[in-house]
Amino acid sequence: MSDQDFPSTFAITTPLYYVNDLPHIGSAYTTMAADAIARFQRLQGHPTLLIVGTDEHGQKIQRAAESTGKTPQEHCDRIVAGFAELWQRFNITYDRFIRTTNSRHTAIVNEFFQRVWDKGDIYLGQQQGWYCVSCEEFKEERELLENKHCPLHPNKIAEWRDEENYFFRLSKYQSQLEALYQERPDFIQPPSRRNEVLSFVSQGLQDFSISRVNVEWGIPLPANPKHTIYVWFDALLGYVTALLEPESPPTLENALAQWWPINLHLIGKDILRFHAVYWPAMLLSAGVPVPERVYGHGFLTKDGKKISKTLGNIIDPLALVNSYGSDAIRYYFLKEIEFGQDGDFNETRFIHTVNADLANDLGNLLNRTLQMAHKYCQGSLPAYTAADFAPDHPLKAIGIDLGDRVRQAYQDLAFSQACEAILGLVRTCNKFIDEQAPWAKYKQGQQQEVEQILYAVLESVRLAAYLLSPIIPNISTDIYQQLGFSIDFNDKNLINGLATFSRSASWGFLPDRQSLGKPKPVFARLELPAAIG
RNA sequence: GGUUCUGUAGCUCAACGGCAGAGCGCUCGUCUCAUAAGCGAGUAGUUGUGGGUUCAACUCCCACCGGAACUACCA
């Protein structure tokens with residue numbers, strides 16, 4: 001394939017997580033995936049901006065704070081520290097961490113609100129409906145039980161509320177949104193999610209309220225400070241605020257100058273509507289280009305069951321990473337679960353998978369080959385180049401177009417496919433060694449054959465490590481260092497010290513006569529925890 | 001209720017009109033360079049059920065059974 005190492009920029013976001021509680025495994029899952037994509041973009045030499053952050057306003061936060069006797073800001077600060085800690089533990093190389101309580105964000109929200117206001121898309125209306133005080137939310141009439149009892153609180157009767165709210169004219173954008181989905185079939189992915197949105201929009205869009213009168217913890221409405229801005233309207237704009245350079249004044253123009261439009265909003269399927277319907281409509285109203293792509297991935301289950309607090313089967317991401325390390329967790333979630341679909345976490349399957357792939361197939365392959373290189377070649381790389389191998393050489397034949405296949409997989413967010421393709425090369429290497437039996441050839445004095453075999457395998461391991469580095473950066477770094485490179489895949493500026501993607505992703509890049517490092521297992525096998533389900 | 005998706009080996013998934021595959025797991029065998037790793041062989045499927053279209057169906061159509069998602073403002 002042609003060289004595509006052009007320096008187009010790439011901006012990607014995770015959701016701005018709601019700080020009503022400490023992060024859960026779902027947030028970690030989205031963030032791992034986003035990080036892998038960002039790392040892959042950087043590998044290709046594209047200026048990349050990975051945006052993470054927190055959504056900190058709203059009534060729920062206000063209450064969560066009250067329940068612990070803290071101010072809302074104190075509460076947010078505490079939870080945000082938990083997120084920052086977790087992302088560090090998961091080896092997330094984010095470039096921006098945006099908090100919606102940042103004062104610069106208020107400036108952006110105000111300016112954006114004003115634009116939509118000037119467009120005539122905001123009006124004062126009445127929010128009417130049956131309101132359950134226990135739920136603190138409006139219910140659809142058909143949801144209610146007999147005599148207007150709330151389905152979640154059958155002993156309570158929903159009250160009729162008639163509340164003053166500002167509304168956004170979403171209905172006005174129905175045809176423009178439908179045109180957008182039509183013209184850009186990739187705007188919402190995967191296709192199953194797109195179908196959901198199309199079906200939803202085709203039912204007819206209604207205006208939605210964007211202010212609240214009883215919520216103090218929020219950004220006051222510029223047009224009427226008795227109201228605060230509805231958290232979603234506020235939170236989505238965090239993606240814009242995040243683009244501001246640290247020193248530049250907080251204006252829309254500055255924020256949108258360099259990185260807009262966002263290339264990919266990576267989200268869970270639960271918040272698809274906000275990103276695929278409300279958000280583009282808001283942007284259309286403000287005269288701002290819409291993002292390139294919105295991807296709604298699936299949900300996780302634990303041992304086949306929904307994860308919920310009431311079931312008590314919560315997976316604590318911090319505990320998980322403390323037990324097993326970030327690479328193993330990242331690998332399992334990205335390789336063993338089909339991105340886009342729901343997927344299951346099962347501890348036994350997790351251990352089997354990472355042991356088989358990372359310890360047995362990949363780690364042991366490097367280890368056995370490196371040991372031989374030390375014994376048979378005095379610890380330096382045999383003097384070969386790609387040209388010394390016939391096109392039908394079993395490893396070269398796979399390696400030669402692996403880079404293109406894997407790049408395509410990453411672009412499609414098909415992490416599982418990327419890993420499978422790479423592991424295919426690794427497994428072939430293990431077979432190749434057994435067939436060739438370099439230890440026997442060495443004893444027979446066939447030095448040249450031995451060196452050629454070892455070069456081909458070491459180069460294949462290098463290529464595998466390079467292509468897996470967005471997912472298992474620590475292991476890839478270890479492999480590279482044992483192969484004699486001084487490269488750290490966790491260094492965001494590594495591009496400067498690394499060859500271009502098209503060269504590094506080609507089989508045969510490994511420089512000959514490079515001095516090899518000491519063989520040391522790059523991934524220790526995990527033990528099954530005793531007596532845990 | 002309506003709409004959409006889905007049901008393939010114990011598990012996770014591929015094949016999407018032309019003899020049903022891979023990885024993991026399990027069983028047996030085997031090499032010795034290696035992390036009790038590697039390699040080889042074996043194992044298991046009337047492809048949810050019943051019809052239909054076709055020379056030919058996991059693949060297309062219909063019905064049924066099972067599972068899931070969406071069906072408006074909880075982030």
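Order of the sequence lines fixes the chain letters, A, B, ..., with proteins taken first and strands second; residue numbering starts at 1 for each chain.
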Salt bridge (charged side-chain N to carboxylate O under 4.0 Å, His left out) contacts in which one or both residues fall within residues 323-333 of chain A, not counting sequence neighbours
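Every pair satisfying salt bridge (charged side-chain N to carboxylate O under 4.0 Å, His left out) with a residue in residues 323-333 of chain A: A:Asp35-A:Arg330.
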
Does any pair with a residue in residues 368-381 of chain A pass salt bridge (charged side-chain N to carboxylate O under 4.0 Å, His left out), and if so which ones, sequence neighbours excluded?
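Pairs touching residues 368-381 of chain A that pass the test: A:Arg368-A:Asp434.
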
With a non-hydrogen cut-off below 4.0 angstrom, is [X] in contact with a base, only sugar-phosphate, or nothing?
| X | result |
| --- | --- |
| A:Pro438 | nothing |
| A:Phe523 | base |
| A:Val522 | base |
| A:Ala359 | base |
| A:Leu205 | base |
| A:Ser209 | base |

With sequence neighbours excluded, residues passing side chain to side chain contact (heavy atoms under 4.5 Å, CB included) with [X]:
| X | value |
| --- | --- |
| A:Lys302 | A:Ile307, A:Asn313, A:Ile315, A:Phe345 |
| A:Thr106 | A:Asn110, A:Ile219 |
| A:Arg405 | A:Asp401, A:Leu402, A:Ala421 |

Of all residues at least two apart in sequence or in a different chain, which pass the salt bridge (Lys or Arg N to Asp or Glu O under 4.0 Å) check with A:Arg427?
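Counting only residues at least two positions away or on another chain, A:Arg427 forms a salt bridge (Lys or Arg N to Asp or Glu O under 4.0 Å) with A:Asp357, A:Asp361, A:Glu420.
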
A:Ser211: side chain to side chain donor-acceptor pair (under 3.5 Å) partners, not counting sequence neighbours:
A:His227

Pairs in or reaching into residues 198-221 of chain A: which pass ring pair (Phe, Tyr, Trp, His ring centres under 6.0 Å), with residues at least two apart or in two chains?
A:His57-A:Trp217, A:Phe168-A:Phe208, A:Phe208-A:Tyr278

Any pair counted as side chain to side chain donor-acceptor pair (under 3.5 Å), so long as it reaches residues 446-456 of chain A, sequence neighbours left out:
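Of all non-adjacent pairs touching residues 446-456 of chain A, those that pass side chain to side chain donor-acceptor pair (under 3.5 Å) are A:Gln447-A:Glu451.
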
Per-nucleotide protein contact string for nucleotides 20-25 of chain B (B base, S sugar-phosphate only, - none; heavy atom under 4.0 Å):
---SSS

N/O-N/O pairs, protein side and nucleotides 32-34 of chain B side, under 3.5 Å:
{"from": "B:C33", "atom 1": "OP1", "to": "A:Lys443", "atom 2": "NZ", "distance (Å)": "3.4"}
{"from": "B:C33", "atom 1": "O3'", "to": "A:Lys375", "atom 2": "NZ", "distance (Å)": "3.2"}
{"from": "B:C33", "atom 1": "O2'", "to": "A:Arg368", "atom 2": "O", "distance (Å)": "3.2"}
{"from": "B:C33", "atom 1": "O2", "to": "A:Arg368", "atom 2": "NE", "distance (Å)": "3.0"}
{"from": "B:C33", "atom 1": "N3", "to": "A:Arg368", "atom 2": "NE", "distance (Å)": "3.3"}
{"from": "B:C33", "atom 1": "N3", "to": "A:Arg368", "atom 2": "NH2", "distance (Å)": "2.5"}
{"from": "B:C33", "atom 1": "N4", "to": "A:Arg368", "atom 2": "NH2", "distance (Å)": "3.1"}
{"from": "B:A34", "atom 1": "OP1", "to": "A:Lys375", "atom 2": "NZ", "distance (Å)": "3.1"}
{"from": "B:A34", "atom 1": "O3'", "to": "A:Asn367", "atom 2": "OD1", "distance (Å)": "3.0"}
{"from": "B:A34", "atom 1": "O2'", "to": "A:Asn364", "atom 2": "OD1", "distance (Å)": "2.4"}
{"from": "B:A34", "atom 1": "O2'", "to": "A:Asn367", "atom 2": "OD1", "distance (Å)": "3.3"}
{"from": "B:A34", "atom 1": "N3", "to": "A:Asn364", "atom 2": "ND2", "distance (Å)": "3.0"}
{"from": "B:A34", "atom 1": "N3", "to": "A:Arg368", "atom 2": "NE", "distance (Å)": "3.4"}

Please give the stem ranges for RNA chain B, sorted by first residue number, where a stem is three or more consecutive Watson-Crick or G-U pairs and both donor-acceptor distances are under 3.5 Å.
B:1-7 with B:65-71, B:10-13 with B:21-24, B:25-30 with B:38-43, B:48-52 with B:60-64

